[in-house]
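As the structure is a prediction and not an experimental result, all values here were calculated from the model.
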Amino acid sequence: MWSIVLMGLAGLLVGGALSFRQQHKPLWTQVVFYVLAGMSLLAAYLLTLPAN
């Protein structure tokens, strides 16, 4: 369940980064959003691993 929520959050973050790019905002804001999206996807993947 949480992995689906985190994947949705990653999609929103990527959309925000693309929006900032169209608005010609500073590059660091785009990079931060992409990094947070990547971390969200990584967390979603780690939640799907079996807990041994």
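To the nearest 0.5 Å, the span separating CG on Leu41 from CG on Leu9 amounts to 9.0 Å.
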Passes side-chain contact (heavy atoms from CB on, under 4.5 Å), Val14 versus Phe33? Steps please.
CA-CA 7 Å; Val14 169; Phe33 271 62; over 6 Å; no
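Nearest heavy-atom pair across Gln30 and Lys25 is NE2-O, 3.5 Å. When all heavy atoms of Met7 and Ala44 are compared, the closest pair comes out as CG-CB, 4.1 Å. Pairing each heavy atom of Leu47 with each of Ser3, the nearest pair is CD1-N, 4.3 Å.
Among residues two or more places apart in sequence or in another chain, the side chain to side chain donor-acceptor pair (under 3.5 Å) test is passed with Thr29 by none.
With contacts defined as side-chain heavy-atom distances shorter than 4.5 Å, the pair Tyr34/Leu18 qualifies.
The environment of Gln22 atom CD is sparse: at most 12 non-hydrogen atoms of other residues, nucleotides or ligands sit within 6.0 angstrom.
Considering Leu6, Val5, Leu12, Val35 in turn, Leu6 is the only one that fulfils the side-chain contact (heavy atoms from CB on, under 4.5 Å) rule with Ser40.
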